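Read through the structure below, which is laid out as C-alpha cells, and then see the notes.
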Amino acid sequence: MESDKNKFSGGRKYSNKEITVYWKPDACVHASYCYRELIEVFDPGRRPWVDLNGAVTDRIIEVVNMCPTEALTWKWNDESKNGNVSIDQTNHINFRRPELVGQKEPEIADNPVTVKIMTDGPVVIKGDFRFKYSNNDKEMKDGIISLCRCGQSGHQPFCDGTHRKIGFEDI
Amino acid sequence: MENNDNKSKGVIIEVIDDGPLKITGNFILKDLKRDLTDTPEEVYICRCGRSSNMPYCDDSHKK
C-alpha cells in the first residue's frame, strides 16, 4: 500500500534527495519508455511502482524526459535551480506542468512544441501547432499526436502499433 | 499569462501525401536513439520506414 504522503492532485509524487518526480496516470499513452529504459526505477509490477533509489538522479531525469506526455515530469527539490532549466529538459514541470510550479511564472512561459522520435516507433508531437493531413487543417491546442514512421500503419498517418508487429527498427 | 493569444508560434505539422512529414516553425526535435536534441526551423521526417538517413526523409519513398 502506498502512503498518502505521495498523493497530490492528479496523481502521485516521488522524491529522492535531489529531485521530485510527478506521475499523472491520466496522461499516460503507454509509450513504455520508462520501464523499458529503467525498470529499476519504473516497475509497473511493483507497489509503489516508482522507486527513485533505483538509479542515479541524472539517469532518472534522462528517462523522465523521454516520456512523450506529461505523465512523468520532474523538478529539482532545490527551488532555486528550477528557475533556469534549459529547454532540452523537456519534462521539467516548467514546460509540461506549469500548474505545479506555484505562483512563480517559469522563465520560458511558452509551451514549446516538442517532436519526439520514438526509437523503433512513432513520432510524437505535443503542444500548440497547426496539423495538416489529407484534407484536414486543424489548430491543435495543447494537443498530442502520434504519427506512423514505419509506413505500415493501417490508420495512416497515425500510429496504430503495427511497427511492433513488423519489427520496425530505426537504422 | 493574458498574452497567450499569439498565433500559436507558427509550428506547422504537415503530412505530405505519399511523402514525408514536414515540420516548420519553432519546435524542439528530440531523437532518443541518436541522442539528438535540436531546434531546427524546418525538417522532413521519413514516413515510409525506408530512409537510410533516419529519422529524416531521403526520398527513398519514391523508389
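Predicted, not measured: the structure shown is a model, and the values here were computed from it. By convention in this document, chain letters (A, B, ...) are assigned in the order of the sequence lines, proteins followed by strands, and residues within each chain are numbered from 1.
Looking only at distances, a side-chain donor or acceptor of A/Asn94 sits under 3.5 Å from a matching main-chain atom of A/Asn82. Between the A/Arg149 side chain and the B/Arg47 main chain, no donor and acceptor come within less than 3.5 Å of each other. In this structure a side-chain-to-backbone donor-acceptor pair under 3.5 Å is present from A/Asn91 to A/Val64.
If you check the side chains of A/Asp78 and A/Ser80, you find a donor sitting under 3.5 Å from an acceptor.
Looking at A/Ser153, there are no atoms closer than 4.5 Å to chain B (heavy atoms on both sides), in backbone or side chain. Interface remark: A/Glu37 contributes no atoms to any contact with chain B (heavy atom separation under 4.5 Å). Heavy atoms of B/Ile45 lying under 4.5 Å from chain A belong exclusively to its side chain. Proximity to chain A (any heavy atom under 4.5 Å) is shown, for B/Thr39, by neither the backbone nor the side chain. With a 4.5 angstrom heavy-atom cutoff, A/Phe131 touches chain B via backbone and side-chain atoms both. Proximity to chain B (any heavy atom under 4.5 Å) is restricted, for A/Leu147, to the side chain, taken from C-beta onward.
Note on ring orientation: taking the six-membered ring where Trp is involved, the planes of A/His92 and A/Trp74 are perpendicular (angle over 60°, cut-offs 30° and 60°).
By the 4.0 Å N-to-carboxylate-O rule, B/Asp59 lies close enough to B/Lys62 to be salt-bridged with it. The residues B/Glu14 and A/Arg130 are annotated as not salt-bridged, no charged nitrogen and carboxylate oxygen being separated by less than 4.0 angstrom. Electrostatic pairing of B/Arg34 and A/Asp170 counts as a salt bridge here, judged by a charged N lying under 4.0 Å from a carboxylate O. Between A/Lys24 and A/Glu70 there is a salt bridge, since a side-chain N of the basic residue sits under 4.0 Å from a carboxylate O of the acidic one.
Per-residue heavy-atom pair counts under 4.5 Å with chain B were compared for A/Asn65, A/Val124, A/Thr114, A/Val115, and the maximum is reached by A/Val115. Interface remark: of the candidates A/Glu62, A/Lys116, A/Gln152, A/Met118, A/Lys116 forms the most heavy-atom pairs closer than 4.5 Å to chain B.
Chain A is approached within less than 4.5 Å, heavy atom to heavy atom, by B/Asp17, B/Leu21, B/Ile23 from residues 16-24 of chain B, ordered by number.
Across A/Asp120 and A/His163, no two heavy atoms sit closer than the pair O-CD2, 3.1 Å.
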